[in-house]
Every structure is written in C-alpha cells, then in structure tokens.
Amino acid sequence: MIIHLKDGLTQEEIQNAADATQAIILNGNGVRLITPAKMKEPPTAIEPWVDSFHPTASDIQLASRGYSSDTRAVTIGDVTIGGTTGNSVVVTGPCSVESREQIFNVAEFVTKLGLKTIRAGCFKPRTSPYSFQGMGIKGLRLLAEVREQFKLCVFTEVRDATHVDAVIEYTDVIQIGAKSMYDHGILKACAKTTKPVLLKRGFGSTLQEFVQCAEFILSGGNPNVILCERGIRAFEPKTRFTLDLCGVSYLKEHVNLPIILDPSHAMGHAYGVGDLSRSCMAMGVDGLIIETHPNPKMAKSDAAQQLNFDQFEQLLGTLTPVASAVGKQVV
Ligand code: PEP
Ligand code: MN
C-alpha cells in the first residue's frame, strides 16, 4: 500500500507513521510511505496524518498502473520517452568501446542518421574470465568525449556498484545488465541518484522479480527507471535467448515504466535482428537498443549479433513506418 501523508508533519510524526506501518519513507511528490503490499488500510493510530492511501495487489507498487495509470516520462538528455510524447528512442552502438577510432566512427555514423543516443559498454559482464572485459574507465573517458563532441546521449553499463559514480559523471544513462539485475549494491546506488536507469531483465527472472528490482530503485528515491526486455532463457539453443513479447504485453498493461526492447541480445545473430526490431516496434514500445559495429566480424564482444552500418541504416528506414502505424515516432 502507498500512503500519501498530509503536508506539514514533523519528522517525528513521519517516522512514527513509518514505524507503525513498517514502511519505507519516500520524499518527492509529498511524503509517501510504501508499506508491505499485504496492508490493506492504514492503522487507526496514523489516520490523522494520512492524506490518501492506495492499496496494491502485490509488491509491484510505485510501478503499477493501479497506483499511477500513465506511463512515466523519463528524460534522457534532450529526449523524453514515455508520458504523452509518443517517442520511441532507437539507441545503437557497439557492444563494447574498443578504441577511440571505433567509438568516434560509430558516433559520426549515429549523428549522420539524426539519432540522439548511442550505446557502448566499458565494464562487460562476460561469461568467461578469458574474454575481453571492456576498457573500463579509459572507455568511459572516450564516451565522455563523444558526448561532448557529438552531443549524443550515452547509455553504458555498470558491472558493480563501484562503477556507478563514474558512469554518472561521464555518461547519461546507467545500464544495469541482465546478469546484474539482482545486484542490490547496484540497485541501491542507482536509487540515490536521479540519473535515468535502464534495468535489463535477468534471463532467468520472472516479470514479478524484474519489476520488484525496479521497485528497489523507485522506492529508494529515483523515479527515472526504464525497463529493458532482452530475452529470457528457454529450451531452444538455436537462438541465444527468447524475446518475451508476451511479457512485454503484460508490462504495458500493468506497469507504468517505459519499456525498451533489445532484439540483439535476444537473437544473438545479426540475421534476425531486423525482423525482431520491426516486431518490437509494432508493439508500440518506448525504444529499441540495437548493437551496431563498424566491422562486426572483428568485434571484441558479441560479434555474431552486431549489425554493420549498412544493415543498421536499412533497418532504421523500415522502422519509421512501423512506428507511425502504432502512433509512435522514432527519435
Ligand atoms: C550488453 O548490453 O552488451 C549486455 C551485456 O547485455 P545483457 O546484460 O542484456 O546481456
Ligand atoms: Mn552486448
């Protein structure tokens, strides 16, 4: 249950109300108490301090459409998604920053296409310790140069909580990778800022678990969370993962956070990324994140799934009519 407290209460009254309801105190939009979901109404002792209360069906609370029906607007640099914008942001770039030349090459390409965002990882959560782990802080500094020179808004991932401050300083969106979805150190660090967070779904996680991880960030004070479906593990090994489009419908119906889809990591092969991207766009999502590399065969991570520039440009041309058919515009 979410309780909106009356204005003008003392800190002591707020704390007493929180203690009486085992609640988290959330400042912003007045003072709110987030109690365990099973609580159906405020205890009589705190009634004089209550302005309104909103029972919720599960611990999907701040993110639920039952509490707030409109999709949240999240602003990424000078692009806003969600709210009433109708924007669908197409974010592209390599899996990893590999060199100055590579990332500047991609930034020029993205700018030429009129896009406003770029993606690239510097702290890569690899499945093998012997694979390329990312350029780390040197890569982040290159991304900061790209941001400055091309005025692009940069998405990049953190691999642990110690990366969060640097990612905030050098870039625009903190990406929490699928393997880190449950990392409470990262979730808590992301709750302390208002920097937008792209939270990727763990590939073995239910929708409830996924959105509850978003609730850790929201209830800690950061309202700017975007969900990312990037494929879950099913029994089929021919594709890398299985993009859960049924899950996307569930999220659109029940959850008020913007949704970005990642067809690249779901498919794992460049040949399927175009068809999947158009299918995702047809679902009226708030954005796509697609891996593109100047020379995919030579990529240091995720070589098989990255598009080359020609493939991406061609794909982008086909996304625009699909977006407009569902009332969206590509930004
Ligand atoms: C990535 O975006 O490059 C990545 C590693 O994604 P995920 O966390 O979804 O595997
Ligand atoms: Mn990748």
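Heavy atoms only: backbone and side chains are in, while hydrogens, waters and symmetry mates are out. A quick note: this is a predicted structure, and the numbers were derived from the prediction, not measured. Counting starts at 1 for both ligands and their atoms, following the listed order.
Under the 3.5 Å distance criterion, the side-chain polar atoms of Ser96 are left unmatched by any main-chain donor or acceptor of Glu98. Judged purely by atom type and a 3.5 angstrom limit, Glu41 has no side-chain atom pairing as donor or acceptor with the backbone of Met39. In this structure, the side chain of Glu157 does not engage the main chain of Gly177 through any donor-acceptor pair within 3.5 Å. Panel note: side chain Gln133, backbone Phe123; no donor-acceptor pair is recorded below 3.5 Å.
Minimum-distance N/O/S atom of Asp302 relative to the Mn ion (ligand 2): OD2. Within Glu291, OE2 is the N, O or S atom that lies nearest to the Mn ion (ligand 2).
The ligand atoms of ligand 1 that sit less than 4.0 angstrom from a heavy atom of Gln175 are 1 (C), 2 (O). Near Arg119, with a cut-off below 4.0 Å to any heavy atom, the atoms of ligand 1 are 1 (C), 2 (O), 3 (O). Near Cys95, meaning under 4.0 Å from any of its heavy atoms, are these atoms of ligand 1: 3 (O). Interface atoms of ligand 1 facing Gly177, defined by a heavy-atom separation under 4.0 Å, are 8 (O).
A cation-pi contact links Arg233 to Phe203, judged by a cut-off of 6.0 Å to the six-membered ring centre and 45° from its axis. Figure legend: Arg147 and Phe150 shown without cation-pi pairing, the cationic atom not lying both under 6.0 angstrom from the six-membered ring centre and within 45 degrees of its axis.
Of all heavy-atom pairs between Ala191 and Ile217, the closest is CB-O, 3.6 Å.
Residue His265 places at least one N or O, backbone or side chain, under 3.5 Å from an N or O of ligand 1.
Looking only at heavy atoms of the protein, atom 5 (C) of ligand 1 is closest to Glu157 OE1, 3.7 Å. Looking from atom 8 (O) of ligand 1 to the surrounding protein, the closest heavy atom is Ala178 N, 2.8 Å. Ranking protein heavy atoms by distance to atom 3 (O) of ligand 1, first place goes to Lys124 NZ, 2.8 Å. Looking from atom 7 (P) of ligand 1 to the surrounding protein, the closest heavy atom is Lys200 NZ, 3.5 Å. Protein heavy atom at the shortest distance from atom 9 (O) of ligand 1 is Arg230 NE, 2.6 Å.
Contact annotation: the side chain of Ile226 never approaches that of Leu257 to less than 4.5 Å [non-hydrogen atoms, C-beta and beyond].
For Phe241 and His265, the distance between ring centers is not under 6.0 angstrom.
Centred on the Mn ion (ligand 2), the NE2 atom of His265 and the SG atom of Cys95 lie at an angle of 170°, reported to 10°.
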